[in-house]
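A short worksheet on the structure shown next.
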Amino acid sequence: MADVTFTVDGKKLTAPAGTLLIDACRKAGIEIPAFCYYPGLSLQAACRMCVVRQEKVPKLQTACTTQVAEGQVFITESPEIAEARKGTIELLLGNHPLDCPVCDAGGECELQDMTFKYGAGESLYAEAKQHREEQQWSPAVFYDRPRCILCYRCTRMCGEGMDVWALGVQSRGVRSVITPNGGDRLDCEQCGMCIDVCPVGALTSGSYRYKTRPWEMKHVSTVCTHCADGCRVTLGVRQIDGDAVIIRSDNRDKGGINGDFLCAKGRFGFDFVESRERLSTPMVRNAAGKLEPATWAQALAAAASKLKEIRETRGGASIGVIGSNRTTNEENYLLQKFARTVLHTNNIDHARSTDYAAFARALAGHKDKTASLRDIAAAPAILLVGGNPTEEHPLLAWILRTNVRLNKARLYIANSQSIKLERQAKAVQGLPPNGYKDLTSILDRNDSDFAKAVMAEESLVVIFGSDFRGQGVEDLVAWGLKRGPNPDSVRFAIVGDHSNSRGAADMGLFPDLLPGYVPVTEPGAFAEYPGLPAAPGKTLPEMFAAAGKGDLGALLVVGANPVGKQGMDAAALKNTFVVVQDLFLTETAALADAVFPAASLYEKAGTVTSTYGDLQLVKKAADRAGVKPDFEILVRLAEEMGADVKALVPFGKGGVSADLGQSRGAQAGEADRHAVWLAAQGLEPRLSPLDPLAVLDEIERLVPGYTLDRINLLSGNDVRTELGAAQGRSASSSDGAGLIVPAHDSLFTSATLGRYSFALKDLERHQTQAVTESAAD
Amino acid sequence: MPRLVSHPDEVKIVTRRFGQGAANIDRYLELGGYQSAKKCLEQGPDWIINEMKASNLRGRGGAGFATGMKWSFVPKQSPKPKYVLVNGDESEPGTCKDHLIFLHDPHSVIEGTIIAGLAIGSKLGFIYLRGEYRYLLEIVEKAVADAYARGFLGKNIFGSETEFQIITQSGAGAYEVGEESALMESLEGKRGVPRIKPPFPAVVGLYGGPTIINNAETIATVPHVIAMGAESYAAVGTPRNGGTRLFGISGHVERPGVYELPMGYNLKKMIYDVAGGVRGGRKLKAVVPGGSSTPVLLPEEIENLGMDFDQVGKAGSMLGSGGVVVIDDQTCIVEFALRTISFYQHESCGWCIPCREGTDWLKKTFTRFHAGFGTASDIDNIQHIAQNILGRTFCPLGDAAAMPTLGFIKKFRKEFEDHLNGKPCPYARHEELAAV
Amino acid sequence: MSSETMSIFSPRLAARFDALVAKYPVKRSALVPMLLYAQDEIGYLSDAVIAEVAERIGITELDVRNVATYYSMLRFKPAGKYNIQVCTNISCMLRGGYDILDRFQKELGVGHKGITSDGVFSLEEVECIGACCWAPAIQVNYDFHDELKPELVPGILEGYRAKAGFPGDGSTSLGRKAEGKAPHA
């Protein structure tokens with residue numbers, strides 16, 4: 001649409017013709033109040049708060065339905081308009097309970113803010129307010145009808161946004177009420193988006209209600225620790241008994257790649273942090289064979305001396321290291337560097353959920369062919385192959401739905417099962433369960449409506465997951481790379497499972513690949529690593545096999561549970577010295593000789609990379625006595641082993657005195673401003689070996705594809721990494737295709753972590769009941 | 001059976017077949033039925049629309065929009081089917097004219113619908129009756145079936161190549177569905193909540209297709225306009241207000257009933273002459289001239305008031321649906337106002353805040369006030385609430401509640417004050433307090 | 001769903017519904033009349049009615065309830081065999097609508113939305129029913145009775161009682177225990 005110029009409050013504004021006045025004004029910094037208007041959702045014109053005066057129009061007009069045209073003149077604030085808005089608030093407050101002092105929304109309530117702005121401090125009514133009892137719809141969602149102002153944000157978010165349609169409006173007039181699909185209970189994805197968009201305290205969260213006041217929390221914007229989509233979450237943190245405790249997780253900061261969105265796991269699944277089963281003290285196996293609490297010094301000494309002894313007596317090749325899908329890039333990088341340069345072993349691996357290595361191999365030398373989530377959000381056409389994003393990648397599903405709904409993107413789905421996103425699809429191609437390999441030939445034959453439609457697309461994002469492995473990934477990518485001359489002819493995204501699965505792969509938690517998928521066998525690779533073993537090491541199953549044969553002297557497991565989750569044989573570790581860093585005494589940790597209580601992703605700083613290659617800053621929100629970030633545990637372990645810590649973590653260069661948060665507690669916001677300034681000045685603030693950003697410097701320097709937009713990153717934005725940066729290399733020594741074990745987490749499960757979330761288990765129980773009940777009908 | 005009335009001043013155009021068994025299709029044909037539709041089929045859309053424009057026929061639902069103009073807004077070419085929608089959701093208190101049309105002359109509605117369809121190039125019309133009018137729906141359904149049987153409806157109407165179908169539809173109790181976009185929502189199987197305008201129905205209406213929506217009386221008038229010629233029809237009324245109007249006179253008159261009178265007919269004469277004057281020789285206290293949503297008029301305001309859209313508008317009220325409600329001097333105006341606002345509170349769809357909350361607070365305040373528990377500030381508060389509704393709601397229902405309220409306060413403030421001063425009216429129904 | 005499969009409606013009504021959904025350009029247009037016709041037969045919109053209507057139209061039960069609860073003629077609890085709807089809106093009120101309502105309350109011993117204990121009658125105060133010029137008026141189910149006077153009330157009740165197969169005992173006041181709420185509740 002062509003731009004038009006119009007006048008608002010005497011200011012000339014320009015916007016494309018047809019832009020909604022409310023949007024045009026907000027973009028120009030003119031705030032127009034509204035309850036029912038919500039960007040991206042259908043228009044209602046119901047709350048009448050956005051009324052403005054348009055020249056030559058007799059009645060006040062709603063800015064949310066007025067499309068701007070050339071030459072229009074508007075006034076958005078005047079005594080007349082203020083009076084109208086005040087009048088509407090007066091009417092609302094007639095029935096709205098003034099229980100603000102005990103309302104969860106108090107302090108972040110749009111009705112409160114509007115009342116503050118426009119007045120309506122006096123009640124004109126003598127009659128009693130309409131009262132109705134509060135209802136609990138699910139463990140996550142409570143509804144308080146008297147507080148509800150019927151803005152219909154929740155019903156639209158649930159229906160249009162989530163495609164769940166679990167909320168309705170029933171009755172009419174002043175008796176109108178929001179009603180869940182189960183009559184008195186809510187049978188849905190429990191995403192809590194309805195709570196998030198509620199402008200007042202009508203919908204409240206089961207996990208947050210009556211816990212605290214919003215202003216008593218510090219709000220820390222970080223990245224969700226559950227799936228690999230990389231949602232930004234805002235953690236509300238409060239000091240309780242010396243700990244910084246997470247009280248709430250929501251989506252206050254809408255600047256993340258997830259925009260408005262957060263799923264049940266992101267919103268409610270943070271309570272594992274406070275689980276009673278959380279480890280808070282190191283443990284060492286005593287002479288009687290029992291794990292008993294120890295001091296950090298004792299445990300570090302016990303682990304370090306044994307690791308050192310085994311390295312020196314049996315060689316690094318007899319030590320294995322298993323890394324994590326949920327630790328930061330810095331920790332993963334440090335872990336493999338520690339393995340390779342301190343333990344002198346290439347026996348390093350992680351639980352692989354998708355074949356990132358094959359993807360990197362296939363894309364080697366082809367830059368700009370991966371799709372970030374923002375690329376997907378703006379793509380005109382998407383081919384989604386396999387998987388079920390609605391369950392396993394809720395943000396991806398949201399982005400796809402939104403792109404189809406608002407931008408009329410065309411979604412094509414090829415799948416061996418029927419998935420919910422078909423409701424948004426333009427065409428669907430069914431495939432037999434093992435038929436994914438045939439997809440490209442189906443498309444090339446171009447004789448079905450599906451194939452014709454896909455092939456006719458000039459620009460296509462291809463999204464796939466663990467249905468493609470090894471050669472399958474390479475074939476799919478090779479097929480795509482042949483598409484047309486358009487630089488955007490194809491982009492790819494590969495989906496893996498956990499919050500930093502991509503980072504684990506990118507940072508080289510592989511026996512045969514260094515960070516950036518550089519083969520360990522490549523001459524001159526990572527030459528500055530002292531004593532880098534030349535030969536590829538053992539994979540995760542190979543390590544357990546070796547252990548079973550008595551060939552693995554020690555195993556260091558960081559944030560992983562191969563015994564509980566990958567089905568590895570516990571008995572194999574009988575004669576292996578096992579060191580585990582974890583949050584919980586998992587099946588694997590229970591076998592360890594030394595256990596270190598680790599911090600969760602919400603208790604540390606660093607970066608993680610989403611499965612789409614979007615790198616984001618993780619900020620420390622919570623603080624818990626007794627635990628340490630894996631980063632610090634590794635540094636202390638290395639130090640205890642007598643390693644050159646400065647070679648491991650290149651800190652302290654330049655001698656600038658600043659400290660970026662990690663060692664100073666949860667002052668993340670403050671640290672950022674320092675970091676932005678220092679980075680902008682080209683200064684090096686790394687003060688101690690415990691600062692993970694010191695390792696980020698090295699990552700950026702050594703890892704192909706991790707050339708980062710530092711300022712943007714430190715400002716809290718997502719920045720992209722480049723998988724095609726590595727030059728074409730021969731296939732790595734081992735094909736990882738057989739090592740992929742997708743987690744297939746549902747909306748309420750999150751591998752080992754999910755087991756310790758009471759909230760998620762409760763939601764799962766609620767939904768299981770809903771399914772059973774409707775089946776019994 | 002509703003009583004039919006008659007008066008020499010009546011100009012029987014729309015009602016000319018009333019009481020003559022015209023619900024029977026043969027009788028309707030004997031009385032000249034379906035000739036207008038045939039003529040329109042020959043003359044074509046442009047001619048029809050010109051005739052409608054020339055007739056000065058204005059919408060009988062209440063807003064008084066020029067019918068020919070409305071039809072001309074429908075785009076000639078449309079990728080989506082076009083529809084005709086007949087609004088027989090007659091629900092405005094004081095209004096029962098469509099009731100008689102459906103009862104006595106259902107074919108005139110069918111014929112008018114066909115003509116409207118021909119005018120805009122539609123192949124499908126809907127006749128929507130309020131749910132309470134079940135016996136009338138059955139009469140209309142029978143008439144539609146007969147029209148199909150005679151080939152007046154169907155794939156080839158009157159033996160031509162032109163198709164036109166009619167579907168009858170029942171509501172289920174909702175005044176708000178009388179609003180044209182809410183009517184479309186209801187017809188699409190949804191809550192009767194109005195749509196955002198623009199787009200207007202003539203461009204994006206039922207099922208997204210261009211749609212004209214006309215009141216049943218308007219549609220029933222159309223065949224008569226064609227039959228007598230636009231100019232003759234226009235000549236009956238006043239300038240810009242063509243033809244006659246079915247005035248439903250109810251309340252405290254000797255001879256209540258639906259009378260067809262020329263537009264511009266004097267209101268005082270209508271009450272005292274046509275309807276036989278105020279019942280029992282009592283004095284006139286007030287008149288609601290066009291259904292419950294129109295502001296009340298005082299006896300002195302109706303002396304020279306001609307009942308057409310423009311003159312009543314000038315007098316500070318509206319011609320509305322033509323439902324004239326006559327109030328005698330023994331009536332408590334506070335109770336009358338309470339009953340009026342109770343209706344709008346009951347019928348508010350609840351979509352927008354000012355109407356939903358405003359009508360409820362008005363009802364609550366009026367209830368308490370009428371029961372003798374008013375306070376000095378209530379009168380101003382009622383005015384204040386009504387002002388907060390007026391012009392600020394999503395659809396006209398808010399105004400329909402606010403305008404009469406403001407009228408009652410403005411014109412009967414003294415009576416409200418008397419209530420305050422311990423003089424509750426003799427008719428106060430104190431048990432209402434139990435509900436407060 | 002076709003009329004042959006399990007339906008809670010009579011075969012005739014089920015067949016009518018089959019025809020109804022086929023009639024419109026969009027199936028859902030059948031919803032409001034279908035609910036009303038279903039209520040006419042079953043007496044009210046039970047959970048089973050809602051479920052079957054949802055299935056016939058192809059929408060969720062929540063959707064059906066959202067719509068059904070909007071319309072004031074639709075109810076979710078049984079009414080009497082004869083539902084007496086007394087208009088008290090302005091035109092009827094001016095001509096004694098409330099006296100008619102009072103008389104029905106007295107005769108039936110129930111108030112607004114009440115049902116007589118034998119289930120024959122229910123009483124409702126309703127908004128304008130479009131009989132303003134023949135006020136005061138009521139509807140019994142769909143039948144209009146206009147130009148009423150309180151003294152005509154017992155006769156009307158007797159007529160329906162006879163139709164229901166429950167001839168009255170001749171006394172004007174049926175004296176049955178009220179189940180409904182207080183008047184004007």
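Every chain is numbered from 1 and lettered A, B, ... according to where its sequence line falls, protein lines coming before strand lines. All values derive from a computational prediction rather than experimental measurement.
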Looking at C/Thr69 and A/Ser171, would you say the former's side chain and the latter's main chain have a donor-acceptor pair under 3.5 Å? yes
How about NZ on C/Lys23, more than 12 heavy atoms from neighbouring residues, nucleotides or ligands closer than 6.0 Å, or not? yes
Just wondering, more than 12 heavy atoms not from C/Lys77 lying within 6.0 Å of its NZ? no
Rounded to the nearest 0.5 Å, how far does OH of C/Tyr70 lie from CZ of A/Arg175? 11.5 Å
Check C/Leu62 against A/Thr179 and note the closest heavy-atom contact, atom names and distance. CD1-O, 3.8 Å
Can you say whether C/Thr60 sits under 4.5 Å from chain A via the side chain, the backbone, both, or neither, judging by heavy atoms? neither
